[in-house]
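These notes are about the structure you will find just below.
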Amino acid sequence: MGLPPVKKIKTGFSTGEEVLNILAQTSELPKIILEYREISKLKSTFIDALISKINPRTKRLHTQFNQTVTSTGRLSSSEPNLQNIPIKTELGRKIRRGFIPEDNFIFASFDYSQIDLRVLAHITKDKALRAAFIEGADIHTATAAEVFGLKKEEITNEMRKRAKGINFGIVYGQQSWGLSQQLGITPEEAQNYINQYFEKYSGVKNWITQTTKTAKETGYVTTLTGRIRYLPEINSPNAQIRAFAERTAINTPIQGTSADIIKIAMININKRCKMQDARCRMLIQVHDDLLFEIKKDEIDKHVPMLKSEMENAMKLDIPVVVDVKIGKNWADMERIKSEK
DNA sequence: AAGTATAGCCAC
DNA sequence: AAACGTGGCTATACTT
Ligand SMILES: Nc1nc2c(ncn2[C@H]2C[C@H](O)[C@@H](COP(=O)(O)OP(=O)(O)OP(=O)(O)O)O2)c(=O)[nH]1
Ligand SMILES: [Mn+2]
Ligand SMILES: [Mn+2]
């Protein structure tokens with residue numbers, strides 16, 4: 001079409017979102033394709049498919065939470081997957097807005113704040129990261145401020161979300177060219193940023209080195225509760241396969257521990273707030289987030305208990321914080337104060 | 001009419 | 001996108 005091919009894949013030229021975004025700078029067509037892709041994806045996956053799965057008796061969607069699918073200890077959700085309901089774009093939020101509580105109930109969501117980074121601080125004992133959380137810092141916002149050259153007060157939700165990708169990317173082994181693409185900077189600048197990051201969080205770097213070494217010796221890694229993931233490929237002679245396993249060795253103890261924490265919280269909460277409870281129902285888990293529907297006049301009775309159960313499920317040597325939001329639908333949720 | 005492999009994209 | 005990680009679902013092309 002006269003457009004320069006950007007990157008290729010096995011079968012030819014890629015037309016993925018990131019490629020199209022680059023091409024969109026020179027031509028109008030990629031923009032239209034991207035627009036079509038978004039609408040098409042949302043309609044097929046989240047409108048048509050979800051409607052067809054509504055239970056006629058309960059008039060609800062009933063997902064399956066799979067406990068033996070992931071390799072890290074996370075749950076997965078299927079038929080339909082309710083852990084990937086759109087939230088990023090306005091059109092996506094319109095779909096999320098379709099999820100509503102029963103009459104006289106309200107939604108309450110409890111999402112762990114910066115959970116993997118807190119677990120990382122605990123497990124690695126990194127001085128700077130621990131100090132940051134003890135001071136009540138928000139690393140995602142801080143990274144956003146650094147990267148965008150703004151004050152923390154000027155950081156929007158979207159910028160913070162992008163910074164999340166940067167923080168997790170770097171700690172889970174992203175390379176300079178990957179970060180350079182993500183940030184739109186040169187690989188040299190990206191490498192500088194990564195170096196600087198691990199200089200600041202040298203305890204994380206040391207833990208990565210040590211964990212990789214141990215994994216190569218033992219052939220497995222573990223989470224804080226002792227969950228094991230075997231990584232036979234970590235000693236592969238194939239550098240690419242080996243590198244994959246090395247990144248997995250770093251991610252699994254952290255992601256898996258985050259999963260352990262919320263699972264313990266869910267068990268403890270279930271003892272106090274039964275699923276069949278008429279007034280306080282745990283509906284969905286989204287990895288570090290629990291969505292409840294609660295009788296409107298009993299919010300104050302249940303919310304502090306739920307928040308506390310989640311924050312104290314597993315004691316870390318840094319604070320564990322849960323952000324609580326309340327709303328009439330799953331898209332328009334507003335934060336409420338901590339009021340302990 | 002069923003299964004398989006890709007590419008692509010939604011979420012955390 | 002060749003290489004932050006963990007998932008599930010859809011459309012499409014291609015098999016059997
Ligand atoms: N490796 C990786 N992990 C991710 C990514 N996005 C989310 N996660 C994991 C790590 C997060 O701590 C965890 C929960 O996701 P959230 O969206 O709730 O982010 P987080 O808790 O870090 O920040 P928050 O304070 O809730 O906004 O899921 C990602 O892009 N890469
Ligand atoms: Mn969170
Ligand atoms: Mn979350």
Side-chain angles (χ1 to χ4, degrees), chain A residues 5-23 33-34 36-50 52-53 63-89 91-93 95-96 109 111-112 114-116 120 140 161 164-183 187 190 194 197 208 221 223 229 231 238-259 262 284-291 330:
Chain A
V6 176
K7 268 306 169 190
K8 54 180 187 315
I9 47 183
K10 292 179 189 177
T11 52
F13 298 127
S14 167
T15 70
E17 186 174 320
E18 304 191 349
V19 167
L20 257 42
N21 269 325
I22 294 170
L23 264 33
I33 296 173
L34 283 167
Y36 170 80
R37 290 252 183 96
E38 183 193 354
I39 296 167
S40 162
K41 169 83 175 179
L42 295 181
K43 181 176 185 296
S44 66
T45 309
F46 299 106
I47 309 277
D48 301 340
L50 289 185
S52 78
K53 289 193 162 61
T63 185
Q64 187 168 295
F65 281 108
N66 311 293
Q67 302 213 58
T68 56
V69 167
T70 74
S71 302
T72 58
R74 273 187 172 190
L75 302 182
S76 80
S77 162
S78 58
E79 290 180 292
N81 181 359
L82 294 185
Q83 292 180 322
N84 72 339
I85 300 303
I87 193 172
K88 208 173 58 184
T89 66
L91 188 61
R93 284 190 289 273
I95 290 169
R96 189 170 272 242
S109 88
D111 188 306
Y112 284 100
Q114 315 171 69
I115 186 61
D116 273 26
L120 188 72
H140 294 326
K161 195 158 275 190
K164 256 185 217 183
I166 296 166
N167 282 325
F168 294 130
I170 292 176
V171 304
Y172 293 135
Q174 191 167 52
Q175 303 297 301
S176 55
W177 65 267
L179 183 64
S180 73
Q181 300 304 314
Q182 193 175 329
L183 283 177
I194 293 171
Y197 199 97
I208 289 173
V221 292
T223 68
R229 179 171 185 178
L231 298 167
N238 179 318
Q240 184 173 326
I241 291 173
R242 193 173 61 242
F244 265 106
E246 286 170 358
R247 289 192 295 274
T248 298
I250 299 313
N251 174 264
T252 292
I254 308 301
Q255 184 181 117
T257 297
S258 297
I262 194 169
I284 300 176
Q285 186 249 44
V286 191
H287 307 303
D288 76 328
D289 189 359
L290 295 178
L291 180 70
W330 204 10

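Lettering of chains follows the sequences in order, A, B, ..., and the numbering in each one begins at 1. Worth knowing before you read on, the calculation uses all heavy atoms, side chains too, and leaves out hydrogens, waters and symmetry mates. Predicted model, so just to flag it, every value in this text is computed and none were measured.
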Could you give the [atom1]-to-[atom2] distance, from [X] to [N], as a whole number of Å?
X        : N     : atom1 : atom2 : value
A/Leu231 : C/dG5 : CG    : C1'   : 12 Å
A/Ile39  : B/dG8 : CD1   : C1'   : 16 Å
A/Asn66  : C/dG7 : CG    : C1'   : 10 Å
A/Ile95  : B/dC9 : CD1   : P     : 16 Å
A/Asn167 : C/dG5 : CG    : P     : 16 Å
A/Tyr36  : B/dC9 : OH    : P     : 12 Å
A/Ile115 : C/dG5 : CD1   : P     : 21 Å
A/Leu179 : C/dG5 : CG    : P     : 14 Å

Query raised in the report: What integer number of Å spans the P atoms of C/dA3 and B/dT4?
Result: 25 Å

Query raised in the report: Quantified in whole Å, what is the P atom distance between nucleotide C/dC4 and nucleotide B/dA5?
Result: 25 Å

Report summary line: Across all chains, not counting sequence neighbours, the side chain to side chain contact (heavy atoms under 4.5 Å, CB included) partners of A/Ile39 are A/Leu91

Within the 4.0 Å heavy-atom criterion, would you say [X] contacts the bases, only the backbone, or no part of the nucleic acid?
X        : value
A/Ser71  : sugar-phosphate
A/Arg242 : nothing
A/Ser40  : nothing
A/Gln181 : base
A/Ala259 : nothing
A/Val69  : sugar-phosphate
A/Gln240 : base

Query raised in the report: Quick one: on DNA chain C, does A/Glu18 or A/Glu79 contact a more 5' nucleotide (nearest heavy atom)?
Result: A/Glu18

Would you list the protein and nucleotides 10-12 of chain B atom pairs, both N or O, that sit under 3.5 Å from each other?
{"from": "B/dC10", "atom 1": "OP2", "to": "A/Glu17", "atom 2": "OE1", "distance (Å)": "3.3"}
{"from": "B/dC10", "atom 1": "O2", "to": "A/Asn84", "atom 2": "ND2", "distance (Å)": "2.8"}
{"from": "B/dA11", "atom 1": "OP1", "to": "A/Ile87", "atom 2": "N", "distance (Å)": "2.5"}
{"from": "B/dA11", "atom 1": "OP1", "to": "A/Lys88", "atom 2": "N", "distance (Å)": "2.7"}
{"from": "B/dC12", "atom 1": "O3'", "to": "A/Asp288", "atom 2": "OD1", "distance (Å)": "2.7"}
{"from": "B/dC12", "atom 1": "O2", "to": "A/Arg74", "atom 2": "NH1", "distance (Å)": "2.9"}
{"from": "B/dC12", "atom 1": "O2", "to": "A/Arg74", "atom 2": "NH2", "distance (Å)": "3.1"}

Query raised in the report: Any cation-pi pair here, A/Arg242 with A/Phe244, using under 6.0 Å and within 45°?
Result: no

Taking only N and O in the side chain of [X], is any of them less than 4.0 Å away from OP1 or OP2 of [N]?
X        : N     : answer
A/Arg247 : C/dT6 : no
A/Thr72  : C/dG7 : no
A/Thr15  : B/dG8 : yes
A/Ser76  : C/dT6 : no

Can you confirm whether the side chains of [X] and [Y] place a donor and an acceptor under 3.5 Å from each other?
X        : Y        : value
A/Thr15  : A/Arg37  : yes
A/Ser258 : A/Asp288 : no
A/Thr70  : A/Ser76  : no

Requested in this report: Determine whether A/Ile166 and A/Leu183 make a side-chain contact, defined as any pair of heavy atoms from C-beta on separated by less than 4.5 Å.
Outcome: yes

Report task. Apply salt bridge (Lys or Arg N to Asp or Glu O under 4.0 Å) to A/Arg93 and list each qualifying residue two or more places apart in sequence or on a separate chain. Result -> A/Glu90

Report task. Tell me whether the centres of the aromatic rings in A/Phe168 and A/His140 are closer together than 6.0 Å. Result -> yes

